[in-house]
Amino acid sequence: MEGFGKSLDLHPYRSFQEQLAKEVRIEPLSKDPKRVGGADVGYAGEFGIAAICVMSWPELEPLEDRVIVDRVRFPYIPGFLSFREVPLLRKAFDSLGCLPDILFVDGQGIAHPRGLGLASHLGVVLGIRTIGCAKKVLVGEARDPGPQRGAFSPLYYRGKLVGALLRTREGVKPICISPGHGIDLEGSIRMVMGATKGFRLPEPIRRAHHLTQLGKLRLLRGGGPNRG
DNA sequence: GCGACAG
DNA sequence: ATCTTGTCGC
C-alpha cells in the first residue's frame with residue numbers, strides 16, 4: 001500500500017485531465033476585446049514558417065509580431081491540417097509577450113469532419129478564443145450570400161449549423177467563417193466584419209500572411225532557419 | 001470506381 | 001501551400 005496514494009496523484013491520466021481542464025478554460029467575455037491576433041503558416045520545402053501578430057482593437061494598430069521557422073513534421077492531409085500547423089504556431093506563441101483576446105486563424109473552426117479544425121484545435125491548446133477564417137469550404141453546404149459587404153449564408157454540415165459564407169467585400173468571393181473556440185457564430189461574424197478593412201481577409205490574417213512571406217524570403221536568402 | 005478535399 | 005507572366009482595374 002505504501003506510495004499508492006502518491007502514485008494516484010501522479011497518475012498520467014489524472015495529470016493530463018487537470019492540465020487539459022486548466023488549458024481549456026476560457027473566461028467569459030465581459031467586455032470588448034483589447035487585442036486581436038492573426039495566425040498563418042507558409043512553407044519553403046521542408047520548412048514551415050509560422051507567423052503570429054497582435055493588433056489593437058478596434059483600431060487594428062500593430063502591437064507585436066512573431067515569426068519562427070521549423071522543420072515540418074506532418075504532411076498536409078485534408079481534415080488533419082492542425083497536426084501539421086499547430087506545433088509550429090505553438091512555438092511562435094511561446095515567445096510572444098502579450099496574448100490576444102481573440103485570434104483569427106487561416107483555416108476552419110468547427111466546420112470540420114470531426115468538429116475540430118485548425119482554429120478550434122489551436123484555441124483549445126492555447127486556451128484562447130479563436131475564429132476560423134478559411135478561403136475555401138472543407139465540409140458542408142451553403143448557398144451563395146448576397147453581393148453586398150456583410151451578406152452571409154449559413155453553412156450546414158450533417159444537419160447542423162457550423163459556420164457561414166461571408167461577403168467581406170463587394171465583388172469578391174466570400175470567405176468561410178466558423179467558430180473556433182470560446183465564441184459563437186454570430187460573434188465570429190461580427191468580429192470578422194470589424195477586422196476586415198477593404199480586403200477579403202481580416203487585417204490580422206493579412207498581416208500574419210505577409211510576415212510569413214517575409215520570413216520565407218529571409219530563409220531562402222540567408223540559407224537556413226537561423227541567422228536573422 | 002468517381003469526385004471532393006482548409007493550408 | 002507552392003510553382004509562375006502578364007494583365008485588368010482602382
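Note that these values count all heavy atoms, side chains included, but never hydrogens, waters or copies made by symmetry. Throughout, a chain's letter reflects where its sequence line sits, starting with A, and its residues are numbered from 1. The structure displayed is predicted, hence computed values, not measured ones.
OP1 and OP2 of B:dG7 both lie 4.0 Å or more from every side-chain N or O belonging to A:Gln108. Residue A:Lys216 places at least one side-chain N or O under 4.0 Å from the OP1 or OP2 atom of C:dT2. OP1 or OP2 of B:dC5 has not a single side-chain nitrogen or oxygen of A:Lys136 nearer than 4.0 Å.
Computed from coordinates, the A:Ile175 CD1 to B:dA6 C1' distance equals 13 Å when rounded to whole Å. The separation between A:Leu116 atom CG and B:dA6 atom P is 17 Å, rounded to whole Å. A:Leu81 has its CG atom 13 Å from the P atom of C:dT2, to the nearest Å. Rounded to an integer number of Å, the gap from CZ of A:Arg114 to P of B:dC5 is 16 Å. At whole-Å resolution of the value, CD1 in A:Ile49 and P in C:dT2 are 8 Å apart. Taking atom CG of residue A:Leu201 and atom P of nucleotide B:dA6, one finds them 15 Å apart after rounding to whole Å. Distance A:Leu122 CG to B:dA6 P: 19 Å, rounded to the nearest Å. Between A:Arg169 atom CZ and C:dC10 atom P there is a gap of 10 Å when expressed in whole angstrom units.
Checked against B:dA6, B:dG7, C:dC3, the side chain of A:Glu85 finds its nearest nucleotide in B:dG7. Nearest nucleotide to the A:His209 side chain, out of B:dA6, B:dG7, C:dA1: C:dA1. Checked against B:dC5, B:dG7, C:dT2, the side chain of A:Asp40 finds its nearest nucleotide in B:dG7.
Note on A:Glu186 versus A:Arg190: salt bridge recorded, some NZ/NE/NH1/NH2 to OD/OE distance being below 4.0 Å. A salt bridge does not link A:Lys197 with A:Glu203: none of the charged nitrogens is closer than 4.0 Å to a carboxylate oxygen.
Within 4.0 Å of A:Phe74, counting heavy atoms only, lies no atom of the nucleic acid at all. Looking at heavy-atom distances under 4.0 Å, A:Gly45 makes no contact with the nucleic acid at all. Heavy atoms of A:Val139 sit nowhere under 4.0 angstrom from any nucleic acid atom.
A:Glu85 and A:Tyr43 form a side-chain donor-acceptor contact under 3.5 Å, judged by distance and modelled atom types alone.
Heavy-atom contacts from other residues, nucleotides or ligands closer than 6.0 Å to CZ of A:Phe152 number 12 or fewer.
Once the 5.5 Å centre distance and the 30° plane angle are applied, the aromatic ring of A:Tyr76 is found stacked with the base of B:dG7.
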Test log, rule side chain to side chain contact (heavy atoms under 4.5 Å, CB included), inputs A:Asp144 and A:Ser153: CA-CA 7 Å; A:Asp144 204 53; A:Ser153 53; over 6 Å; no
